[in-house]
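Comments concern the structure below.
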Amino acid sequence: MKKLLVQMTLILAIVLLGNHASADEIVSINDINTSPVNFDGKEVKLRGIAKNPTRLPLVNLKSYVLEDKSGEITVLTESDLPKMNEEITIRVRVKILAIINGEAMGLTVTELERYEQQQRI
């Protein structure tokens, strides 16, 4: 019984400490770019300036670059493209096409939700 309790405590500690980013915490773009394997399949929040909108109507693809102080990343979206140089906060899902010898191949970041900017008083 005591051994089971210790094992359960260890598992709980690993799960809680191993969770790299909480759903409400803003993740830096550099964290994703330098360690994409740690974010594979996870949903995270990003905040930055929207740049370089792209729309390819033939394949129904829309994307933009999100830039924060740490770097930039391309974001795929099904929503309307954000305005150029607009600061936005988004919830995204990070996916990797393949992981080979610990290296991520085919990183995609897909916008799931865009939050309304609150006016500052």
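In terms of modelled atom types and a separation under 3.5 Å, the side chain of Asn85 and the main chain of Lys51 share no donor-acceptor contact. Distance alone, capped at 3.5 Å, places no donor-acceptor pair between the Ser35 side chain and the Asn38 backbone.
Follow the hydrophobic side-chain contacts under 4.5 Å out from Val37 and you reach Ile29 in the same cluster. A chain of hydrophobic side-chain contacts below 4.5 Å, direct or via other Ile, Leu, Val, Met, Phe, Trp or Tyr residues, connects Leu66 to Ile96. Hydrophobic clustering keeps Leu81 apart from Leu61 (ILVMFWY residues linked when any side-chain heavy atoms are closer than 4.5 Å, directly or through intermediates). Placement of Ile90 and Leu107 within a single hydrophobic cluster is found when ILVMFWY residues are connected by side-chain heavy-atom separations under 4.5 Å, directly or transitively. Note on Val44: it clusters hydrophobically with Ile99, by side-chain heavy-atom contacts below 4.5 Å among ILVMFWY residues.
Between the OH atom of Tyr115 and the NZ atom of Lys45 there is a distance of 4.0 Å, given to the nearest 0.5 Å. Between atom CD of residue Glu113 and atom OG of residue Ser79 there is a gap of 9.5 Å, rounded to the nearest 0.5 Å. With rounding to the nearest 0.5 Å, the separation of CG in Leu46 from CD1 in Ile26 is 7.5 Å. Atom-to-atom distance recorded for Asn52:CG and Ser63:OG is 9.0 Å, nearest 0.5 angstrom. In this structure, Ile49 CD1 and Glu67 CD are separated by 8.0 Å, a value rounded to the nearest 0.5 Å. Atom-to-atom distance recorded for Leu112:CG and Thr110:OG1 is 7.0 Å, nearest 0.5 angstrom.
Around atom NZ of Lys95, no more than 12 heavy atoms belonging to other residues, nucleotides or ligands sit under 6.0 Å away.
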_Residues Arg114, Thr77; criterion side chain to side chain contact (heavy atoms under 4.5 Å, CB included); working and verdict_ = CA-CA 10 Å; Arg114 193 176 307 161; Thr77 186; 3.9 Å; yes
*asked:* Applying side chain to side chain contact (heavy atoms under 4.5 Å, CB included) to Val27 and Phe39, what does each step give before you reach the verdict?
replied: CA-CA 10 Å; Val27 173; Phe39 295 93; 3.8 Å; yes
_Determine whether Val75 and Val65 satisfy the following criterion, side chain to side chain contact (heavy atoms under 4.5 Å, CB included), listing intermediate values before the conclusion._
CA-CA 6 Å; Val75 179; Val65 173; over 6 Å; no
*Intermediate values then yes/no, side chain to side chain contact (heavy atoms under 4.5 Å, CB included), Ile73 and Asn33*: CA-CA 8 Å; Ile73 199 162; Asn33 285 336; 3.6 Å; yes
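Just one of Arg55, Glu86, Lys83, Glu111 meets the side-chain hydrogen bond (donor to acceptor under 3.5 Å, both in side chains) condition when paired with Tyr64; it is Glu111.
For the pair Glu78 and Lys62, the minimum side-chain heavy-atom distance is 4.5 Å or more.
With no hydrogens or angles considered, a side-chain donor-acceptor pair links Asp68 and Ser70 at under 3.5 Å.
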